[in-house]
Amino acid sequence: MRVSKFTIDDYDRASTFWRETPGIGLACVESKERFTSFLERNPDLSFKLSDSDAIVGTILCGHDGTRGYLHHLAVAPSYRGRGMGRMMVDKSLEGLRRLGIRKCHFFIDSRNDEGNELWKTLDWTELKEVRVYSHDIELPAQ
Ligand SMILES: CC(C)(COP(=O)(O)OP(=O)(O)OC[C@H]1O[C@@H](n2cnc3c(N)ncnc32)[C@H](O)[C@@H]1OP(=O)(O)O)[C@@H](O)C(=O)NCCC(=O)NCCS
């Protein structure tokens with residue numbers, strides 16, 4: 001098993017892993033173009049966990065110049081409980097630290113018990129007073 005930087009060539013294997021992982025899906029990286037754009041805008045912050053040729057864990061990390069955001073943190077069931085999730089979070093945070101970014105957020109479904117346990121264990125602060133408002137932007141047909 002090894003943790004290494006995500007590259008654009010990983011998209012097909014990663015998208016298969018995300019589709020197969022309950023609670024993840026594709027969401028913001030629904031196409032290779034989106035994934036490429038994400039990695040190009042946020043180089044060296046996103047990681048994959050590999051076993052031989054298979055991707056068995058992922059984290060995506062981006063920032064807006066002031067705050068970092070983590071997405072798609074997942075570890076395949078048979079690789080859980082071995083510190084791999086923590087390690088990937090630490091690597092992304094180290095990348096943000098190098099860029100001088102002092103705060104990072106992660107949005108999670110409040111019903112995801114397993115995921116919420118991880119953030120409590122990692123000692124992240126739950127912002128109970130914050131609500132997230134979202135708006136869909138209609139794009140012109142391609
Ligand atoms: C959440 C997830 C990424 C954790 O990955 P993991 O590799 O098993 O996590 P780690 O082994 O690094 O655990 C880190 C710490 O969190 C704790 N932890 C992780 N999952 C936990 C759980 N379900 N219940 C209690 N504690 C848990 C571990 O005990 C560990 O603590 P320690 O370092 O003090 O021993 C994994 O369960 C997963 O992929 N879940 C499905 C995807 C998902 O829902 N992602 C979005 C939410 S993060």
Side-chain angles (χ1 to χ4, degrees), residues 1-139 142:
M1 270 192 300
R2 87 184 247 274
V3 174
S4 56
K5 282 179 192 161
F6 246 134
T7 71
I8 291 155
D9 292 339
D10 293 319
Y11 183 72
D12 290 340
R13 286 180 304 142
S15 61
T16 302
F17 171 67
W18 291 328
R19 277 198 198 90
E20 290 171 352
T21 304
I24 296 293
L26 292 183
C28 58
V29 281
E30 79 280 11
S31 67
K32 190 167 184 177
E33 289 68 32
R34 292 265 173 235
F35 182 69
T36 302
S37 158
F38 185 85
L39 290 189
E40 286 178 351
R41 289 170 61 96
N42 301 286
D44 303 332
L45 295 172
S46 298
F47 298 90
K48 63 180 185 281
L49 172 67
S50 314
D51 190 357
S52 302
D53 229 16
I55 288 182
V56 295
T58 60
I59 191 166
L60 296 183
C61 176
H63 71 90
D64 59 16
T66 64
R67 298 286 183 257
Y69 299 89
L70 302 181
H71 314 272
H72 283 63
L73 174 63
V75 174
S78 54
Y79 294 82
R80 290 179 191 168
R82 304 192 210 174
M84 293 296 129
R86 181 194 281 275
M87 187 198 290
M88 291 193 292
V89 170
D90 285 348
K91 286 180 84 68
S92 290
L93 293 185
E94 183 50 40
L96 292 172
R97 190 176 293 117
R98 279 198 302 271
L99 296 170
I101 291 176
R102 300 157 63 100
K103 195 180 271 286
C104 184
H105 300 301
F106 184 84
F107 299 107
I108 186 168
D109 189 321
S110 59
R111 298 161 298 183
N112 183 342
D113 294 333
E114 195 173 46
N116 280 287
E117 282 307 318
L118 173 95
W119 299 105
K120 281 184 205 149
T121 308
L122 298 188
D123 220 16
W124 282 45
T125 305
E126 181 188 354
L127 300 178
K128 293 205 170 82
E129 69 281 17
V130 172
R131 289 185 183 171
V132 177
Y133 289 88
S134 291
H135 180 75
D136 291 333
I137 299 170
E138 202 170 314
L139 299 179
Q142 299 271 338

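Start at 1 and go down the list; that is how both ligands and their atoms are numbered.
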So, Ser46 and Lys5: side-chain donor and acceptor under 3.5 Å apart, yes or no?
-> no
Could you check atom 12 (O) of ligand 1 against the protein and tell me its nearest heavy-atom contact, residue, atom and distance included?
-> Arg86 N, 2.8 Å
Around Arg82, counting heavy atoms of other residues, nucleotides and ligands shown, do more than 12 lie under 6.0 Å from its CZ?
-> yes
Residues Ile24 and Leu73: closest non-hydrogen pair is CD1-O, 3.6 Å
Looking at atom 8 (O) of ligand 1, is any protein heavy atom nearer than 4.0 Å to it?
-> yes
Using the ring of each side chain (for Trp, its six-membered ring), is Phe6 parallel, tilted or perpendicular to Phe35, with breaks at 30° and 60°?
-> perpendicular
Ligand 1 to Ile108, heavy atom cutoff 4.0 Å, flagged ligand atoms 47 (C)
Sub-6.0 Å ring centroid separation between Trp119 and Phe106 = yes
Does atom 36 (C) of ligand 1 have any protein heavy atom closer than 4.0 Å?
-> yes
Atom 39 (O) of ligand 1 - nearest protein heavy atom and its distance | Val75 N, 2.7 Å
For Thr121, counting its heavy atoms only, list the atoms of ligand 1 lying under 4.0 Å from any of them.
-> 15 (C), 16 (O), 17 (C), 26 (N), 30 (C), 31 (O), 34 (O)
Pro22 N/O under 3.5 Å from ligand 1 N/O | no
Considering only NZ, NE, NH1 and NH2 on the basic side and carboxylate oxygens on the acidic side, decide whether Arg80 and Glu114 come within less than 4.0 Å.
-> yes
Can you list the ligand 1 atoms lying under 4.0 Å from a non-hydrogen atom of Arg82?
-> 11 (O)
Geometric cation-pi criterion Lys91 and Phe47, 6.0 Å radius, 45° cone | yes
Between SG of Cys61 and CG of Leu39, what distance do you get to the nearest 0.5 Å?
-> 11.0 Å
Which of the atoms in ligand 1, numbered in the order shown and given with their element, are less than 4.0 Å from a heavy-atom of Leu73?
-> 3 (C), 42 (C), 43 (C), 45 (N), 46 (C), 48 (S)
Check each heavy atom of Met87 against ligand 1 and say whether those closer than 4.0 Å belong to the side chain, the backbone, both or neither.
-> neither
Nearest-contact summary for atom 41 (C) of ligand 1 - protein heavy atom, Å | Arg80 NH2, 3.4 Å
Do the charged groups of Asp64 and Arg67 touch, with an N to O distance under 4.0 Å?
-> no
Does Ile8 offer a backbone N or O that forms a donor-acceptor pair with the side chain of Thr36 under 3.5 Å?
-> no
Heavy-atom count around Glu129 CD within 6.0 Å, excluding the residue itself: above 12?
-> yes
Atom 24 (N) of ligand 1 has as its nearest protein heavy atom Glu117 CB, 3.4 Å
Any atoms of ligand 1 less than 4.0 Å from a non-hydrogen atom of Gly83? List them with their elements.
-> 10 (P), 11 (O), 12 (O)
Looking at atom 14 (C) of ligand 1, what's its closest protein heavy atom, distance included?
-> Leu118 CD1, 3.5 Å
Those atoms of ligand 1 less than 4.0 Å from some heavy atom in Asn112 = 43 (C), 44 (O), 46 (C), 47 (C)
For atom 20 (N) of ligand 1, the protein heavy atom that lies nearest, with its residue and separation = Glu114 O, 4.3 Å
Among all protein heavy atoms, pick the one closest to atom 48 (S) of ligand 1 and tell me residue, atom and distance.
-> Trp119 NE1, 3.5 Å
Which ligand 1 atoms, with their elements, are less than 4.0 angstrom from a heavy-atom of Ala74?
-> 39 (O)
